[in-house]
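Everything on this sheet refers to the single structure shown next.
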Amino acid sequence: MGTTLNIATPADFDLPRDVCSYGYFVLAPNRWDVQSQSLTRPLNLHDGPAKASITQPAKGRLRAGFDRPLSRSEQAQARAKIARMLRLDEAEDHTKAFHRADPRWKRSGRSRLFRSPTLFEDIVKTVTSCNVTWPGTVNMNTQLVRHLGRKGCFPTPVRLARTRPGTLRGRCRVGYRDQRLIELANLFHTGHIDEHWLQSPATPDDDVFDFLKTLPGIGPYAAGNILMLLGRYSRLAIDTETIRHGKAVLGFTGSDQQITTQLNAHYEPFGPFKFKSYWFELWAHYETKQGPSHLWKREETATAFTANNL
DNA sequence: GGTAGACCTGGACGC
DNA sequence: GCGTCCAGGTCTACC
């Protein structure tokens with residue numbers, strides 16, 4: 001008999017909406033079940049992996065069922081990881097401030113962007129999303145979990161740091177990212193990444209951005225994306241998808257550089273919430289083509305979604 | 001500071 | 001079934 005945790009959430013939290021808000025919800029080891037509207041994934045805890053199934057039985061409350069009993073310390077650890085994934089730290093006043101800045105999302109209530117239980121997983125997922133089409137990202141994460149993850153978990157920094165480049169390339173299909181991922185894993189497991197400093201409100205976004213760009217495999221796009229994953233929304237992460245959005249949806253014209261300038265100007269009024277305003281615009285565009293994201297069937301839509309494919 | 005070319009994979013396409 | 005082309009962001013060398 002496994003442990004069940006009851007977890008309090010901010011009053012405005014909505015599990016289907018807030019999980020199915022960013023592409024990482026379809027990447028292994030996450031699994032969103034459309035039928036039961038639940039999120040399932042294994043978590044790495046003190047005494048080993050435990051599979052969590054998260055549902056929302058009522059407003060303001062989540063239920064997380066595990067496939068084995070959890071000790072007291074593991075329960076605290078699991079609560080922290082779930083809170084990180086679901087951004088339960090973003091209270092209602094944060095949502096209200098965002099909706100004051102951009103009232104377009106007040107009706108749907110959108111504000112939270114799904115992320116991973118650890119910063120390491122978020123950074124690896126970001127690196128596997130660079131210079132590759134979305135199905136490639138999906139495959140890399142599936143293979144990383146399959147070949148390097150213990151009992152279906154995402155690989156730990158120690159495990160990834162000890163993996164041979166040839167294994168990453170041959171089995172996990174990460175290509176030239178092999179050495180960069182190993183170096184990143186080494187930086188994490190040797191304590192060279194100061195997560196407290198990265199997450200401290202006292203640290204300016206620009207300083208975090210500059211630091212992130214020094215990491216292997218992290219350029220301007222990835223650094224902007226990781227800022228968002230750290231809860232810093234004052235910058236955009238501009239990739240080809242953003243440029244496409246600028247042209248097709250916002251009607252911008254000119255060279256990519258000119259469109260980038262127009263995009264930055266367009267989102268400037270949203271101040272510290274620029275990324276959210278941009279992202280929910282993009283996400284709303286996907287949903288007009290494919291229907292609500294919490295109903296997307298993983299194999300059909302979610303693994304192929306980019307505006308180009310839609 | 002700006003830019004060209006290499007880095008890999010998987011899918012689309014033509015034969 | 002095979003070869004070719006293309007999409008995708010980062011990194012290095014070079015100007």
Side-chain angles (χ1 to χ4, degrees), chain A residues 22-24 26-28 116 119-148 155 160 163-188 192-193 206 208-230 232 235-249 252 254-261 263-264 275 278-279 282-283 285-286 289-290 298-310:
Chain A
Y22 192 67
Y24 290 4
V26 300
L27 298 182
S116 304
L119 176 62
F120 175 67
E121 183 177 330
D122 271 338
I123 291 182
V124 171
K125 279 183 159 56
T126 299
V127 171
T128 63
S129 75
C130 289
N131 198 30
V132 68
T133 53
W134 183 250
T137 303
V138 172
N139 189 39
M140 282 184 235
N141 281 274
T142 301
Q143 302 310 329
L144 283 169
V145 167
R146 177 175 296 161
H147 295 292
L148 306 177
L160 195 48
T163 304
R164 288 199 309 266
T167 304
L168 282 177
R169 195 176 280 240
R171 295 193 175 181
C172 304
R173 315 306 293 161
V174 303
Y176 66 87
R177 300 167 194 79
D178 54 358
Q179 198 58 49
R180 296 176 193 176
L181 288 171
I182 290 168
E183 286 171 28
L184 270 174
N186 256 314
L187 289 170
F188 267 88
H192 283 78
I193 307 287
D206 286 353
V208 176
F209 184 76
D210 290 342
F211 169 76
L212 291 171
K213 281 196 299 174
T214 68
L215 300 177
I218 309 293
Y221 161 75
N225 199 61
I226 295 165
L227 277 186
M228 173 279 288
L229 294 163
L230 284 163
R232 300 171 181 272
R235 278 177 180 263
L236 301 175
I238 295 179
D239 61 0
T240 52
E241 194 68 2
T242 325
I243 300 291
R244 194 179 293 127
H245 180 74
K247 287 179 185 170
V249 178
F252 296 154
S255 66
D256 285 3
Q257 187 51 53
Q258 289 169 322
I259 289 170
T260 298
T261 304
L263 283 163
N264 281 316
F275 192 105
Y278 153 63
W279 186 259
L282 190 69
W283 205 248
H285 179 67
Y286 293 157
K289 302 285 183 187
Q290 287 295 325
R298 187 178 182 278
E299 288 72 17
E300 293 167 21
T301 309
T303 56
F305 76 91
T306 64
N308 203 25
N309 292 332
L310 297 167

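Below, read A as the first sequence line, B as the second, and so on, with proteins coming before strands; counting in each chain starts at 1. For clarity, every value in this text was computed on a predicted model and none was experimentally measured.
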Query raised in the report: Is the shortest side-chain N/O distance from A:Thr133 to OP1 or OP2 of B:dG10 below 4.0 Å?
Result: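 No, no such contact exists.
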Query raised in the report: OP1 or OP2 of C:dG8 sitting under 4.0 Å from any side-chain N/O of A:Ser129?
Result: no
Could you state the [atom1]-[atom2] distance from [X] to [N], rounded to the nearest angstrom?
X: A:Leu184; N: C:dG9; atom1: CG; atom2: C1'; answer: 14 Å
X: A:Trp134; N: B:dG11; atom1: CH2; atom2: P; answer: 15 Å
X: A:Gln179; N: C:dT10; atom1: CD; atom2: C1'; answer: 15 Å
X: A:Met140; N: B:dC8; atom1: CE; atom2: C1'; answer: 8 Å
X: A:His245; N: C:dG8; atom1: NE2; atom2: P; answer: 16 Å
X: A:Arg173; N: B:dG10; atom1: CZ; atom2: P; answer: 4 Å
X: A:Ile238; N: C:dT10; atom1: CD1; atom2: P; answer: 12 Å
X: A:Asp256; N: C:dG9; atom1: CG; atom2: C1'; answer: 13 Å

From [options], pick the nucleotide closest to the side chain of [X]?
X: A:Asp239; options: B:dC8, C:dG9, B:dG10; result: C:dG9
X: A:Tyr176; options: C:dG8, C:dG9, C:dT10; result: C:dG9
X: A:Arg244; options: B:dT9, C:dT10, C:dG8; result: C:dG8
X: A:Ala222; options: C:dT10, B:dT9, C:dG8; result: C:dT10
X: A:Arg177; options: B:dG10, C:dG8, C:dT10; result: C:dG8
X: A:Asn139; options: C:dG8, C:dT10, B:dG10; result: B:dG10

Report task. Hey, could you give me the CZ/CG distance between A:Arg169 and A:Asp178, rounded to the nearest 0.5 Å? Result -> 4.0 Å
Requested in this report: For the pair A:Arg177 (side chain) and A:Val174 (backbone), establish whether a donor and an acceptor sit closer than 3.5 Å, ignoring hydrogens and angles.
Outcome: yes
Report task. Check the pair A:Arg180, A:Glu183 against salt bridge (Lys or Arg N to Asp or Glu O under 4.0 Å), reporting the backbone distance first and the verdict last. Result -> CA-CA 5 Å; A:Arg180 296 176 193 176; A:Glu183 286 171 28; over 6 Å; no
**Report entry** Cation-pi, A:Phe209 ring and A:Arg235 (6.0 angstrom, 45 degrees)
**Finding:** yes
Requested in this report: Give one of base, sugar-phosphate or nothing for A:Leu215, where a contact means two heavy atoms less than 4.0 Å apart.
Outcome: sugar-phosphate
Report task. Give A:Gly136 one of three labels, base, sugar-phosphate or nothing, depending on what nucleic acid heavy atoms sit under 4.0 Å from its own. Result -> nothing
Query raised in the report: Any side-chain heavy atom of A:Thr214 within less than 4.5 Å of one from A:Phe211?
Result: yes
